Amino acid sequence: MRVTFLGTSGAVPTTERNPSALFVNRDGDKLLFDCGEGTQRQMMRFGTGFAVDHVFVTHTHGDHVLGIPGLLQTFDFNDREEPLAIHAPAGTRGTIEDLVSVTGDTPSFPVRITQVSAGDTVLDGDGYEVRAIRTQHRCQSVGYAVVEDDRKGRFDREKAEEELGIEPGPKYSKLHRGEPVEHEGRTIQPEAVVGPDRPGRTLVYTGDTRPTDSVVEASEDADLLVHDATFADDWAERARKTAHATGREAAEVAQEAGAKRLALTHISTRYGGNPTPILSDAREAFDGEVFVPDDGRRIDVPFPDE
Ligand SMILES: [Zn+2]
Ligand SMILES: [Zn+2]
């Protein structure tokens, strides 16, 4: 699972930071979370490719959706034929429809808009799901969690070969699939050579939000939490008024959830050149790895047991 930060700025872009967008490549499935103005250029700059089939919108504030018309127009110029799904919070269909048809042209490819609510499985992928989670902002909003299925346990080849004397071959795959095999008159149970299931990875992307219990719940043991951290402590009051979070509040959420890594994003222009205050506040509240990604930062999210 490779995550590319395409836009890490708050409401207003800077020369260094684009408005919100996060690109996730999950074993070849390309998922885009939010699509701020200029997202398509960031996709080119940072080489993510354009083969996006799903756009997940957290809410319809301009800094999260104004890149949609431009991206769709480029798809159109490229003679795209594949359908595109845009998922957005319940009650925002009209706004998304307006964005899709703002120039008066209809895209040459099918665009499917789905409205989602917290708790919904938005995408049932091969080996993973994308779920909508409750967030708390000034408008209809959701966050998203990418949750991978458990993986098969480790196969103990040495034990199979040396202790049990089973030759490598079809019996190995059968055992790994969880089926017993007959070997020299004995039944070998899969548990003898296959370890317990290993958890997959969890990525949580909040979009704009106050710190909230539902995000803590969704981020339990998360391998990467990407959380709103618009301000540092000095503007905590402003964060509360505008329904954003501070670096410290994001860190408290990550700490309570037992998340392994925390990416602080949606950085206010106030700190654009130097997000150190946000980061140092967060470090005081979170024991795990925490960072403020620059635009273009790429992370290969490791498995929990790696
Ligand atoms: Zn925003
Ligand atoms: Zn917002």
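In what follows, every heavy atom counts, from backbone to side chain, and hydrogens, waters and symmetry copies are set aside. Here the structure is a predicted model, which is why all the values come from computation and not from measurement. In each ligand, atom 1 is the first atom listed, and ligand 1 is the first ligand listed.
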Within less than 2.8 Å of the Zn ion (ligand 1), how many protein N/O/S atoms are there?
-> 4
Taking all atoms of both residues into account, what is the closest heavy-atom pair of Val194 and Leu175, and its distance?
-> CG2-O, 3.6 Å
Residues Tyr128, Asp29; criterion side chain to side chain donor-acceptor pair (under 3.5 Å); working and verdict = CA-CA 10 Å; Tyr128 70 98; Asp29 284 3; 2.7 Å; yes
Mind checking what makes salt bridge (charged side-chain N to carboxylate O under 4.0 Å, His left out) contact with Asp53, not counting sequence neighbours?
-> Arg80
Please work out which of the three classes, parallel, tilted or perpendicular, describes the rings of Phe75 and Phe109, given edges at 30° and 60°.
-> perpendicular
Taking just the N, O or S atoms of His137, which one is nearest to the Zn ion (ligand 2)?
-> NE2
Are any of the side-chain heavy atoms of Thr206 and Val226 separated by less than 4.5 Å?
-> no
Is the closest side-chain heavy-atom distance between Ile86 and Thr114 below 4.5 Å?
-> no
